[in-house]
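The structure appears below as structure tokens.
We use all heavy atoms of the structure for the numbers below, so side chains are in, but hydrogens, waters and symmetry mates are not.
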Amino acid sequence: MSDPTKSPNPMSLPFVEALYADFLHDPSSVPAEWRRQFESMKESNGFAARPQLEPSFPRRTLYGTP
């Protein structure tokens with residue numbers, strides 16, 4: 001993770017989010033390098049308390065009806 005050429009970019013964000021959710025559920029399920037990275041991060045947005053990869057609001061169609 002220290003090599004800038006290997007850092008996550010916007011295209012890999014869904015992958016990293018899913019990996020982080022896996023880490024929160026079971027830290028041993030992710031590779032050691034990622035585990036160290038996630039352990040070094042501070043929780044700032046509440047995601048760890050309630051991991052969720054989908055919107056918290058109900059989905060709507062273009063015309064406002066489900």
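Residue Arg35 forms a side-chain contact (heavy atoms from CB on, under 4.5 Å) with just one option from Ser29, Pro27, Ser40, and that option is Pro27.
Rounding to the nearest 0.5 Å places OG of Ser28 at 10.5 Å from CG of Asp22. Atom CZ in Phe23 sits 10.5 Å away from atom CD in Gln37 (nearest 0.5 Å). A distance of 10.5 Å separates CD in Glu33 from CZ in Phe38, rounded to the nearest 0.5 Å. Remark: Phe15 CZ to Tyr20 OH distance equals 15.5 Å, nearest 0.5 Å.
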